[in-house]
Every structure is written in structure tokens, then in C-alpha cells.
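Please read through the structure below; I'll follow up with questions.
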Number of protein chains: 2
Amino acid sequence: MQLNNTSQYAIRILSYIARKQDEHLLSANELSKILNIPYKFLTKIMTKLVKAEFVESVRGRDGGFRLKDDAQKISVDDVLNLFNDSIKDEQCLLGIGACDTQCKCAMHDQWMKPKLLIQKLFRKSSIKDISKKGSKI
Amino acid sequence: MQLNNTSQYAIRILSYIARKQDEHLLSANELSKILNIPYKFLTKIMTKLVKAEFVESVRGRDGGFRLKDDAQKISVDDVLNLFNDSIKDEQCLLGIGACDTQCKCAMHDQWMKPKLLIQKLFRKSSIKDISKKGSKI
DNA sequence: TATTAATTCTACCTAAAGGTAGTAATTTAA
DNA sequence: TTAAATTACTACCTTTAGGTAGAATTAATA
Ligand code: SF4
Ligand code: SF4
């Protein structure tokens, strides 16, 4: 009942890049140190983010990463999808998710509300939104 | 962003026992077949449920399992706690959870609502509630 | 009492997530 | 033009969740 480690990292990385990229490119080294993410694991995540075209990279000395598109255009849900961590419509707490209105357990209706709220949260929150204020991200 | 497999199994097991135990003890064999849970894995879960005193077991021929307490007294949250799958108050989508009101990210407030709803759902739903109606559990 | 149907115990196996190591490729700047 | 700073690639290691195997223990009943 929590986002997996990798997507947590990815969101924090993108958020930090969005906040700082006007000053300079963000190197893996800086990201790793500031965000406290193991360097080698971070670079692995970065290549995924590059391939998915969320960020673009500049190789060589003074290189680094910057967002490819406007931070406003990347939703948290987009990122989660990359790491198979988004919430599907049929997702059910008990891993069944195939019950209809005739046949449903006591949790079904109560689960719908928070599920929809979370889906909305993921879909409506952009990286820009998240990167705005301080917080320990 | 989903309950882990083992707690899903556990909840479905307890729910099924609650629904059927007035008729007869539930053997691991029956539970495994009906609920479609690998037999050997199920027995492993059962011994945990026995040790946690959610169910009691009767050994030997015609043995099986029954709930130890009233199904009304066992909450879903109790079960989730046994499998480290409950939602802690400080649980945060980004694995930080240490931000205060002065310093919080854009997701913080939006995450609070669904989180509280889910915590409430887990704490207020008893095994009895879940076992009531049909569904594919 | 022997058989059988059941739980319990111990130990191991497998797959996936998370993480690490080393090296090649690329670019800048001294 | 060479050294340094950087990303990219390939392969491996570690931990954890999920699952399996086999033998020991228990109790009803034929
Ligand atoms: S009725 Fe219950 S088990 Fe079925 S999909 Fe809804 S929440 Fe899941
Ligand atoms: S502010 Fe954001 S990162 Fe900090 S605890 Fe709240 S949700 Fe988590």
C-alpha cells in the first residue's frame, strides 16, 4: 500500500530537476547527493527517464539532465505508468476486481472513493505542481 | 499501490471461514481449492493466523480451522498489521512523511483525504462485514 | 491398533525489486 | 590534443516476497 521505491525516486528526481533546471543542468552526481539516492541506481533510473522522453541528457563534461517538455505537461501518473505503479480502474484491494454491482464485497463501495481520489491526484498533479514549494522532496 | 498478495489471501481466507464455519471446520485442502490459493502456501499462512490467534486449529482427521473470536471483533486492519501491510499515520506517497505544515509538497493535502478514508475502511471493516455478501471472495 | 486425514515444522527454491561494478562513449576545456 | 567530467551500457549481486517439498505430529474411526 505504497508507491514502490523506484517511482518515489523518479518523482523526486523530476521534481528537483524542474525546480533547478533554469540555473544549470543537473548531473547524476548532484542529484544523487542532494536527493540521497544511490548513484548507480539513480543513473539507471535516469536512462529510463531519458528513453521515455521525460528528460533529455547532455553527455560529456558539464553535461547533465534537463526536462524535455514543460514540467506542467508531465503528470505524476505519467511517471508512475513508466514504473508500472499507476492505479488501474479495475484495481481492487483483494486482487479480484472482477465483481459487478450485483456481486460485491463490503469493501467495494468504500474503496471506490479513495481510489478515485488517488487516481485524480496522480492524474491532475504535474511535476511542476509538486516542484513548487519547499518540502523535503 | 496495492495490498500484498499474502494479506489479500489472508483476508479472503478469514472471510470464507467466517461465512462457512457454522457448517463445518474448514480444512486447508478445502480452503486451497475453493479460494484458489496454492496449498503449501496457504498452510504457511494458516500457521501464522493460528499463532496470531485469529483462528484456532483442530488437528487430526476431520480437523481444520475455525475463527477463534467473533468475526465481528477482527478488523481488516488487524489482519494487515500481521503482514506489515497496514497504513501508518506518517505514511507518505513519496516515502518521506516527515514534512510539517510549513514545509509540504503539493500532494500532501490531497493525499491526506484518501489516506484517512482507507485507514478508516481498514479499521472499521470487520471480517464479518466482508464475509456477508457474495462477491467472488 | 492400524489407517487415514488432517495440521505443523524445517528447509529449501524462484522471481522480482532494489542495488552495485566496471567499462565504453562523449564532450568540454585546459 | 589530452585529461577530466560526464552519460550509457552490460552484467552481476542482494534482499524480499512468494512459493514448494517432505517428513513429523495428531486424532478420529474402522
Ligand atoms: S467486490 Fe470486493 S473483491 Fe470484488 S472487486 Fe469490489 S472490492 Fe474487489
Ligand atoms: S509534504 Fe509531500 S513528501 Fe512531505 S510528507 Fe507530505 S506528501 Fe510526503
Side-chain angles (χ1 to χ4, degrees), chain A residues 1-13 17 20-21 24-68 80 82-86 94-95, chain B residues 1-13 17 20-21 24-68 79-86 94-95:
Chain A
M1 212 57 212
Q2 193 171 175
L3 291 182
N4 68 42
N5 232 334
T6 313
S7 26
Q8 291 183 353
Y9 285 159
I11 292 170
R12 290 172 53 219
I13 290 166
I17 295 178
K20 294 282 189 177
Q21 67 175 351
H24 57 293
L25 289 181
L26 283 302
S27 73
N29 194 20
E30 173 174 352
L31 291 170
S32 163
K33 278 178 184 152
I34 299 269
L35 298 175
N36 201 27
I37 300 171
Y39 177 82
K40 282 293 193 179
F41 193 43
L42 180 132
T43 59
K44 201 175 188 175
I45 295 172
M46 294 318 294
T47 58
K48 250 192 127 168
L49 291 175
V50 169
K51 282 182 179 157
E53 303 198 315
F54 289 125
V55 304
E56 57 189 4
S57 62
V58 177
R59 281 183 163 201
R61 192 167 170 159
D62 294 330
F65 302 94
R66 73 168 78 89
L67 296 188
K68 184 149 188 192
L80 297 186
L82 186 59
F83 299 99
N84 298 312
D85 211 10
S86 179
L94 299 176
Chain B
M1 210 56 209
Q2 192 171 174
L3 292 182
N4 68 42
N5 231 334
T6 312
S7 23
Q8 291 184 353
Y9 285 160
I11 292 169
R12 289 172 53 219
I13 290 166
I17 294 179
K20 293 282 188 177
Q21 68 175 350
H24 58 293
L25 289 182
L26 282 302
S27 74
N29 194 20
E30 171 174 354
L31 290 170
S32 164
K33 279 179 184 152
I34 300 269
L35 298 175
N36 201 28
I37 300 171
Y39 177 81
K40 283 291 193 179
F41 193 43
L42 180 132
T43 58
K44 201 175 187 175
I45 295 173
M46 295 317 294
T47 57
K48 248 191 128 168
L49 292 176
V50 168
K51 282 180 178 156
E53 303 198 316
F54 288 126
V55 304
E56 57 189 4
S57 63
V58 176
R59 281 183 160 204
R61 191 169 170 155
D62 295 331
F65 302 93
R66 73 168 78 89
L67 295 188
K68 184 149 188 192
V79 182
L80 297 186
N81 269 310
L82 185 58
F83 298 99
N84 298 314
D85 210 11
S86 179
L94 299 176

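Both backbone and side-chain heavy atoms feed into the values below; hydrogens, waters and symmetry mates do not. First the proteins, then the strands, lettered A, B, ... as listed; each starts at 1.
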- Message: Rounded to the nearest 0.5 Å, what separates atom NZ in Lys33(B) from atom CG in Asn36(B)?
- Response: 12.0 Å

- Side-chain (Gln21(B)) to main-chain (Leu26(B)) donor-acceptor, under 3.5 angstrom: no

- Message: Which residues in residues 37-50 of chain A have a heavy atom closer than 4.0 Å to any atom of DNA chain D?
- Response: Tyr39(A), Thr47(A)

- Note on the structure: Rounding to 0.5 Å, atoms CG (Leu49(B)) and CD1 (Ile17(B)) come to a distance of 7.5 Å

- Message: Do Val58(A) and Arg66(A) have side chains that approach each other closer than 4.5 Å (heavy atoms only, starting at C-beta)?
- Response: yes

- Query: When you measure from every atom of DNA chain C, which of residues 52-64 of chain B have a heavy atom less than 4.0 Å away?
  - Reply: Ser57(B), Val58(B), Arg59(B), Gly60(B), Arg61(B), Gly64(B)

- Query: Heavy-atom count around Lys48(B) NZ within 6.0 Å, excluding the residue itself: above 12?
  - Reply: yes

- Message: Main chain of Ile37(A), side chain of Ser32(A): is a donor-acceptor contact present, judged purely on distance under 3.5 Å?
- Response: yes

- Tell me what Phe83(B) touches on the nucleic acid: a base, only sugar-phosphate, or nothing, going by heavy atoms under 4.0 Å. nothing

- Item | Heavy-atom side-chain contact between Leu80(B) and Leu3(B) under 4.5 Å | yes

- DNA chain C: 5'-most and 3'-most nucleotides touching chain A, 4.0 angstrom heavy-atom criterion: dG18(C) to dA29(C)

- Task: Please examine the side chains of Leu35(A) and Ile13(A), heavy atoms only from C-beta on, and report whether any two atoms are closer than 4.5 Å.
- Result: yes

- May I have the distance from Asn5(B) (atom CG) to dT20(D) (atom P), rounded to whole angstrom? 12 Å

- Query: Given side chains that start at C-beta, do those of Met1(A) and Gln2(B) come closer than 4.5 Å, heavy atoms only?
  - Reply: no

- Message: Less than 4.5 Å apart, side chain to side chain, heavy atoms only: is that true for Met46(A) and Leu31(A)?
- Response: yes

- Task: Quickly work out the Leu3(B) CG to dA17(D) P distance and round it to whole Å.
- Result: 14 Å

